[in-house]
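Okay, structure first, notes after.
Atom set for the values below is all heavy atoms of this structure, side chains included, hydrogens, waters and symmetry mates excluded. Every chain is numbered from 1, with letters handed out A, B, ... down the list of sequences. As the structure is a prediction and not an experimental result, all values here were calculated from the model.
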Number of protein chains: 2
Amino acid sequence: MTPSGAADRARRTPDPARTPSPTPGRSGRTPSAEPARTPKPSVRRQARRLRQGATSRTAAGVKDVAAAAGVSLGTVSNVLNRPEMVSPTTRAKVEAAMASLGFVRNESARQLRAGSSRIIAYLMLDAGNPFFTDVARGVEEAAEKAGLSVFLCNSNEDAAREANYLDLLEQQRVQGVLITPIDPDSARLSKLPDRGTPVVVVDRAIDDGEHCSVAVDDVLGGEVALTHLIELGHERIAFVGGPNTIGQVTDRRAGARAALRQAGLPAGNLVDVLTGALTVAEGRGAGQRLAGLPADRRPTAAFCANDLLALGLLQQCVSLGLRVPEDLAIVGYDDIEFAAAAAVPLTSVRQPRHLLGRTAAELLLDESSNPDHEHQRVTFTPELVVRTSTRGNT
Amino acid sequence: MTPSGAADRARRTPDPARTPSPTPGRSGRTPSAEPARTPKPSVRRQARRLRQGATSRTAAGVKDVAAAAGVSLGTVSNVLNRPEMVSPTTRAKVEAAMASLGFVRNESARQLRAGSSRIIAYLMLDAGNPFFTDVARGVEEAAEKAGLSVFLCNSNEDAAREANYLDLLEQQRVQGVLITPIDPDSARLSKLPDRGTPVVVVDRAIDDGEHCSVAVDDVLGGEVALTHLIELGHERIAFVGGPNTIGQVTDRRAGARAALRQAGLPAGNLVDVLTGALTVAEGRGAGQRLAGLPADRRPTAAFCANDLLALGLLQQCVSLGLRVPEDLAIVGYDDIEFAAAAAVPLTSVRQPRHLLGRTAAELLLDESSNPDHEHQRVTFTPELVVRTSTRGNT
DNA sequence: CAATCTTCTTGAAACCTTTCACAAACTTAC
DNA sequence: GTAAGTTTGTGAAAGGTTTCAAGAAGATTG
C-alpha cells in the first residue's frame, strides 16, 4: 500500500451506505446540498439495551432509602447532612441502602428546603477568548477551595443571551454571579443584589454601590500601549476595536487618546478602525482594510483592543505582504498565551487574568457569607510586555 | 509630560495608601512577600447603600403575587406557564403585580414539582483549549434553537473534578449531559443513563449501548498526519502527546503507528515524547527536550496530539534556533483558529468542531424528547490542512 | 436505683411551585 | 329562558428534601 492511501481515505465517506443525515429528526437535507467542506459522518444505530439491572423505573428518594435501611426518613437526611450525628452502625446501613438503590439526592428539593445553593456562576463575555477562560480558571480555583462548584455561561457579546442567563441564574437561586457584562450599568444587573443574589463584576470597574468589582485599569493600559508606540517614533496610529458598546474598548481607546495628547500629537493621529466584535476574524477584516490603504496614508502602527484582533490583524497583514513591525507595528491587549507564539511574537498589555478571577470569586464568597461585607472596587495594574511585533529583532 | 510618564506609572501602585490585601479575610500576606510580577491592586471600600427600594427582605413568591393581584395562586401559575389560558385583563393585573414585587420564579420549586429541567450541561475536558469552546458554541446553537440553556463545566483533565461535576449535574436533574470524558468507559459515566439522565459522549466513539456518541475518527487522523510526513520524506518522527489515559492521544498515536507500518517503516521510528497534559506549556517542555537532542539523533518531524502542544513546541523550537520545517517539521491536531496565525503557520488535522457540538446536542435533545430514540454513534472524518510548518515556503 | 446527662433517632411541618379536577361565569343555540 | 357548551378561575394535593422539637435508649453519677 502506498503511503498516500490513508490521505485519500480521509476525504472519502468511510461508510459506503447512504446513511441518513446524522442529525435525526432533521429532514429534507439532500446529501448534495451539503457544503463540500463538511466532513461526511458515518452513523451506526444501536439496539437499545434492556436495562436489567435498574432496580426500579423511577429514581429512589430518601423515603425509599429509609425503608430499605429500616430507619426513619430524618435519619437518612442526617447521614447526608450531619453524618457525625449518626452512629456508625446506622450510617453504614443507610449508606449501603443508598448504594444498592442508586440513590441520587434531588438537589431541587434540597435547595428548596434548605434555601442555599452550592453553585456560583461566571457569565463570560466570550468563552472563545482565552483571556476569559484564564479568568475562569482563577474563579474555579477559589471556588473549589470553598467547596463550591462553578457553572460557566457564555453570553458571547450578545445582550439578549446575557439577559437570558441572568434570569436563569436568578431563578436558580445560585449562591452568586460573577459577570463580565456587556454593559455594567444596565438596570438588569443591579436588580440581582437587590433581590439577594450577590454579583461581582469582573474586568469592569463599577461604582454604583451595588456590586463589588475587580478590574484592570484599561485606560492606563491604553496609555501605556500608545506611549510605547510613540516612544518608538510612530505618529499615526490605528486603534482597532469595537463595538463601542464594550467598555473595555472605549476605555482603552480613551487611554490611547490621552497618551497622544500628552505627547503633544493631534487627536486625529489616532485612526479608528471599527470592528464588529473582538475576534480573530474581525481582526483579519481590519487587516484587509488597513493593508488596502495606500502606504503614505496608512498608519505605521496599530493598537488593538485585544489579542484576538491583533492576531487576526497580524495574520492578514503578513499574508498580504506587509512586514511587521517595519511596515506596521502591532500592540495587542491581554497577553494571552498565543500572543507569544504568533507569527511575529506580539507586544501586548498583560493583565493578571488568574488573579482577577480568583479575587473576584473571593469577594463573592465574602459577600455571601460575611454579614459585614463591604463592597469593594479592586483595580489591578496592567503591564506592557514588549516583543518583536513592535521592536523588531534589532 | 514626557511620553514615558504613563509607562512609568504602570509599574507603580496607583494607590499610595498601603491598602490591605485585596482579598478580604486573608491575612498575613505581607506586601513584600508578593511576587514582583504581581500587579498591585488599588482597593476602594464603599459604604453599603441602604436598600430603600426593596419592598421586603424576603423574596416574593407566587402567593404574594396572587394576593397583590387579587387572584388565586393557581392563576398566577397559569400566567407563568399557560398564559393563553388566562384572560388579558387578569394577565395584565398579575404581570403588573409581578413587576412591582420583583417576583423571580423559584426554579427549584418549579423543577421539583414539574420534574423537568430546561438546562443541559457540557462537561469539557479543557475550557482553555479553543477546540472545546468551538464545540461548545455548536452546542449552544442547537440548545438555543430548542429553547434550552447550556451550562459549561470544566473538568480540566482532572478525574476527580469530572466525577464531582457528574454528581452535581445528576443531582441537579439536568435534562442531559454532554461530556468529553477523560475515560469514556468509566462505570461512573454509564450510571447516569440508567438513572434517567441522558448522556452523549463528545469527541470519543463509544459503543456500550448506553450513550450516543459523536466523534471524529482519531485513528484516521493520526494516519493522515503521519502519511503526510512520510510522503515528505521524513522517516524518524516524534509523537508528542500524553497522558496516555486520554483516548484521543492513544488513538492518534495508533493511527500514526499504522501509517508507519503501511509505509514499511519500523515501529521504532515513531519516537514517543510523553507530555503531562495537552497544553501549550507542556508543548514548550517537549520542545526543550527535542531541541536538546543531538541533531543526528533528533527526529526530523513531530506529530503533536493537539494544536496547543504543537504551538508550544513550535514556539520553543524557534526560540532555541531550530528552523521549522527545515530542522523540524510539525503537524498539529484540531486546526484551532490560532494554528494558522502561528509563528510558522501550522499544518494541522482539522475537525468539524462546530458540527460536532451541534450534532451532539441534537442527539441529546432527541434522546430526551423522543421515546423511540435509538442510540447512535456518529463519526466524522478529519481533514488534513497543509501549511508552512511542514511544506515550507517553496 | 433513681436522677441526670448524653447520644441517637423520630415524625411532622415547611419550602414554593405546578397540576388537575372542578366550579363559576358567560355564550350560544334552540 | 333553558340546556349545552366554552372560557376562565379556584383550591387542595403533591413533589423530595431539610429542620427541629421532642422522644427513646443508654451511660454516668450520687
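Computed from coordinates, the A/Arg91 CZ to C/dT9 C1' distance equals 14 Å when rounded to whole Å. We find that CE of A/Met98 is positioned 15 Å from P of D/dG16, with the value rounded to whole Å. Rounded to an integer number of Å, the gap from A/Asp64 CG to D/dG16 P is 9 Å. Atom CD in A/Glu170 sits roughly 16 Å away from atom C1' in C/dC16 (whole-Å rounding). Nucleotide D/dG16 holds its C1' atom 15 Å from the CG atom of A/Leu101, rounded to whole Å. Rounded to whole angstrom, the span from the CG atom of A/Leu80 across to the C1' atom of D/dT18 amounts to 10 Å. Rounded to whole Å, atom P of D/dG11 lies 14 Å from atom NZ of B/Lys63. When rounded to the nearest whole Å, the span between CZ of B/Arg105 and P of C/dT19 equals 10 Å.
Between A/Ser87 and the phosphate of C/dT9, there is a side-chain N or O to OP1/OP2 separation shorter than 4.0 Å. Close to C/dT17, at under 4.0 Å from its OP1 or OP2, lies no side-chain N or O of B/Asn106. An OP1 or OP2 oxygen of D/dG16 is reached within less than 4.0 angstrom by no side-chain nitrogen or oxygen of B/Arg173.
Between A/Asp126 and B/Arg137, at least one side-chain N (NZ, or NE/NH1/NH2) sits under 4.0 Å from a carboxylate O, which counts as a salt bridge. A/Arg105 and B/Asp167 are not joined by a salt bridge, as no carboxylate oxygen comes within less than 4.0 angstrom of a charged side-chain nitrogen. Salt bridge status for A/Glu84 with A/Arg91: absent, with no side-chain N to carboxylate O gap under 4.0 Å. Using a 4.0 Å cut-off between charged side-chain N and carboxylate O, B/Glu170 and B/Lys191 make no salt bridge. B/Arg173 has no carboxylate O lying under 4.0 Å from a charged side-chain N of A/Glu107, or vice versa, which leaves the two without a salt bridge. Salt bridge annotation for A/Glu362-A/Lys145: absent, with no cationic side-chain nitrogen under 4.0 angstrom from a carboxylate oxygen.
Residue-level contact check: A/Asn78 touches the bases, meaning some heavy atom is under 4.0 Å from a base atom.
Annotation: of the two residues near DNA chain D, B/Gly74 and A/Ser77, the 5′-most nearest-nucleotide partner is B/Gly74. Place B/Ala109 and B/Ser72 on DNA chain D by their nearest nucleotides, and B/Ser72 ends up nearer the 5' end. Comparing A/Leu73 and A/Glu84 by the nucleotide of DNA chain C that holds the closest heavy atom to each, the one mapping nearer the 5' end is A/Glu84.
When the nucleotides D/dT8, C/dT19, C/dC8 are ranked by their closest atom to the side chain of B/Arg82, C/dT19 comes out on top. Closest to the side chain of A/Thr75, from the set D/dT17, C/dT10, C/dT17, is C/dT10. In this structure, of C/dT10, C/dT9, D/dT18, it is C/dT9 that holds the atom nearest to the side chain of A/Val86. Looking at the side chain of B/Thr90, the nearest of the listed nucleotides C/dC8, C/dT19, D/dT8 is D/dT8. Distances from the side chain of A/Arg113 to the nucleotides C/dC15, C/dC8, C/dT10 place C/dC15 closest.
Atom-to-atom distance recorded for B/Asn164:CG and B/Ser155:OG is 11.0 Å, nearest 0.5 angstrom.
Side-chain atoms of B/Ile120 and B/Val174, non-hydrogen and from C-beta on, never get closer than 4.5 Å to each other.
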Might you list the N or O atoms of the protein lying below 3.5 Å from N or O atoms in nucleotides 25-28 of chain D, with each pair's distance?
none

